[in-house]
Every structure is written in structure tokens, then in C-alpha cells.
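Below is one structure, written out as C-alpha cells; comments come after it.
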Amino acid sequence: MSNGAVLKFPATERDEPGRPRPSAARVRPLSEGDLDAVAELFLQRFRAERRPAGAKAEIAACMKALYLDHPGRVGDADALVAIDGAGTLAAFCGGARTRFVFDGRPASVCVTGTLMASDAPGHALAAVQLLREGRKLDYDLIVTDSANRASLAMCQATGYRVVSPDSLEWAAVFDPASVALHKIRQRIRGPWLGALKPLARLADAAAGAALRAAAGAPNRSEWRDAEVDDEAYADIAPRFLEPFRLRPDFTRQELLW
């Protein structure tokens, strides 16, 4: 499981003059014409073993909704692509600009998504180029929900600083046997390991039953669940954010979106 991170730009020298830069790709904002290539790259990097019919169109539509149709977008998209000399997509980094409050002060924030690069020769450097170009933009913070160790290491190498304790430096594994089997299959590409999935699920079910039995019956309370519509949720949600020193400051339009 990947941890989320809040990354802060250095106070000065966001881009050091005279420092050598990778020259293999050109970085620019995402456009609608890039969506098919971005969806194809996503499938290659993250869904190579399971690619259902229609997945490419679905992912392209999702990327468009997130990064091009976001109500807080002003001007060019905040998501970035790196295009190599042949005009091929080399890397992509999702992003949407919004507002947060940090210790009572407004902050310009980029909520970032997938960072990915093609496995073609030289394209790994394009991901570093995207991170370096991101430092030039006027964000106070970058918030991500899934910063794996490789991405986080690249960010820190290019001068980003992790804001702690606001980052998600914890993980909860609900199905330990299934997770362990998944990790083993990532390291050992043996098709026979797939036959162990039912056993892993059975072990997780048995462990869950044992834990519930040990915990005993839940205590009754006066709390009740009630379904609310989007408008009611938009009214209720802000009060639950107030205790946090880092919290989103979404407009009602953004929250309903």
C-alpha cells in the first residue's frame, strides 16, 4: 500500500540556474488530444495483466473529467505531459489546482495524481523533467494520495520537502494473506501462484472471524445512519474539516462536482 504525501516547495531557488537538465522531452500542459495516449500509457504501466474491453476509452474519459473539466481550472490544464523528439508521449503527471488552508492561512495547492513514464529508452528521465517543471509553478503545496517510494525519492531529489505530520505515514492491511501473495507474485512471475488465491482468501476470512470473535459484540449507541443527497452533504462536510490544520477550502461548486 502506498502512503500519501504533502510536499512543500523550497522557500527560495525553485530552479537552480546552470544545473544540467535532461533534454530528451518537451514538457507542456495536458490537452484533449493527449488523452488517448495517456490512457494507453496508464494501461501499459498499471493494467498490463488485466485489460478489459473499453478500458482505454473509460480511462481517457476519467482523465478528461479530472484534469480538463475540473471547475477550478483556469487557463491551461495543471496536468503535465512530456513529449519526446518524435512526438511520442514520454511521461505524464496528473494535477488539479485548488485551495487549501494550512495553519489558518490560504495555500495554493495542486492535488496530483498518477506520475508515470513510458518504458522506452530515455523516457524515465522525462518523469524527472515533469517534477522539475512542476517546481516552477506557483503552488505552495502538492498533495498526493499515493506517493510510492520511487516517486517520493525523485521528488526529494529535485528539492521537494515532505510536510510532516500531515502526510499519511501509516498503512492498514485488511487482507494480509492476499496482500502477501500479491507481493510475492510481483517478485516471482510464476503463473502457478494464481492457484493460491483461494487459499489466501480463506486464510483472511478465518483471521477476520477470529478477530471479530475476540472483540465481542459491538456496543450499542444512539448514532444512526441516514442517507443524504449531494446538496445536504455539501452543507455538512465543511464542519468536519474545521479541526484540521491542513484542510481543503473547496467552493460549493467544487464540492458538488
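Small disclaimer: the values here were computed from a predicted structure and weren't measured.
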Does [X] reach the side chain of [Y], with side-chain heavy atoms less than 4.5 Å apart?
X	Y	value
R201	S178	yes
D235	R252	yes
F92	L30	yes
L193	I184	yes
T88	I83	no
F46	T114	yes
Q156	R161	no
L246	L141	yes

What I want to find out is whether [X] reaches [Y] closely enough, with some N-O distance under 4.0 Å, to be called a salt bridge.
X	Y	result
R239	E242	no
R26	D84	no
D103	R247	no
D78	R73	no

For the residue pair [X] and [Y], what are the closest heavy atoms and their distance?
X	Y	answer
A117	H123	CB-O, 3.5 Å
D34	P29	OD2-O, 4.1 Å
R97	S108	NH1-OG, 3.1 Å
L80	G134	CD1-N, 4.3 Å
G194	P198	O-CD, 4.1 Å
G94	T112	O-OG1, 2.5 Å

Can you establish whether the number of heavy atoms outside Q186 located under 6.0 Å from its atom CD is more than 12?
yes

Give a yes or no on whether Q44 atom CD has more than 12 heavy-atom contacts from other residues, nucleotides or ligands under 6.0 Å away.
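Yes, the 6.0 Å shell around CD holds more than 12 heavy atoms from other groups.
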
Look up atom [atom1] in [X] and atom [atom2] in [Y], then write down how far apart they are to the nearest 0.5 Å.
X	Y	atom1	atom2	answer
L68	L35	CG	CG	5.5 Å
I236	E231	CD1	CD	11.5 Å
D138	C110	CG	SG	10.5 Å
L137	D76	CG	CG	10.5 Å
L202	L196	CG	CG	12.5 Å
L130	L115	CG	CG	6.5 Å

Start with the C-alpha gap between L89 and S118, add the side-chain angles, then the distance that decides, and say whether side chain to side chain contact (heavy atoms under 4.5 Å, CB included) holds.
CA-CA 8 Å; L89 179 71; S118 162; over 6 Å; no

Exactly one of V109, V101, L241 should register a side chain to side chain contact (heavy atoms under 4.5 Å, CB included) with D249. Which one does?
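The option that passes is V101.
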
Step by step, work out the side chain to side chain donor-acceptor pair (under 3.5 Å) result for E133 and Q129.
CA-CA 6 Å; E133 290 298 318; Q129 285 180 264; over 6 Å; no

In terms of hydrophobic clusters joined by side-chain contacts under 4.5 Å, are I188 and L199 together?
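Same cluster: I188 reaches L199 through Ile, Leu, Val, Met, Phe, Trp or Tyr contacts under 4.5 Å.
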
Under the salt bridge (charged side-chain N to carboxylate O under 4.0 Å, His left out) rule, what do K56 and D36 come out as? Steps first, then yes or no, please.
CA-CA 7 Å; K56 183 175 177 179; D36 280 353; 5.2 Å; no

Between the main-chain N or O of I142 and the side-chain N or O of Y160, is there a donor-acceptor pair closer than 3.5 Å?
no

Go through Y233 and L255 one step at a time and tell me if the side chain to side chain contact (heavy atoms under 4.5 Å, CB included) criterion holds.
CA-CA 9 Å; Y233 177 78; L255 191 55; 4.3 Å; yes

Before giving the answer on side chain to side chain contact (heavy atoms under 4.5 Å, CB included), spell out for H182 and V179 the whole-Å C-alpha distance, their side-chain angles and the decisive distance to 0.1 Å.
CA-CA 5 Å; H182 174 71; V179 171; 5.5 Å; no

Please evaluate residues D119 and R45 with respect to the criterion side chain to side chain contact (heavy atoms under 4.5 Å, CB included), reporting the C-alpha separation (whole Å), side-chain torsions for both, the decisive distance (0.1 Å), and the verdict.
CA-CA 8 Å; D119 58 1; R45 303 305 288 171; 3.2 Å; yes

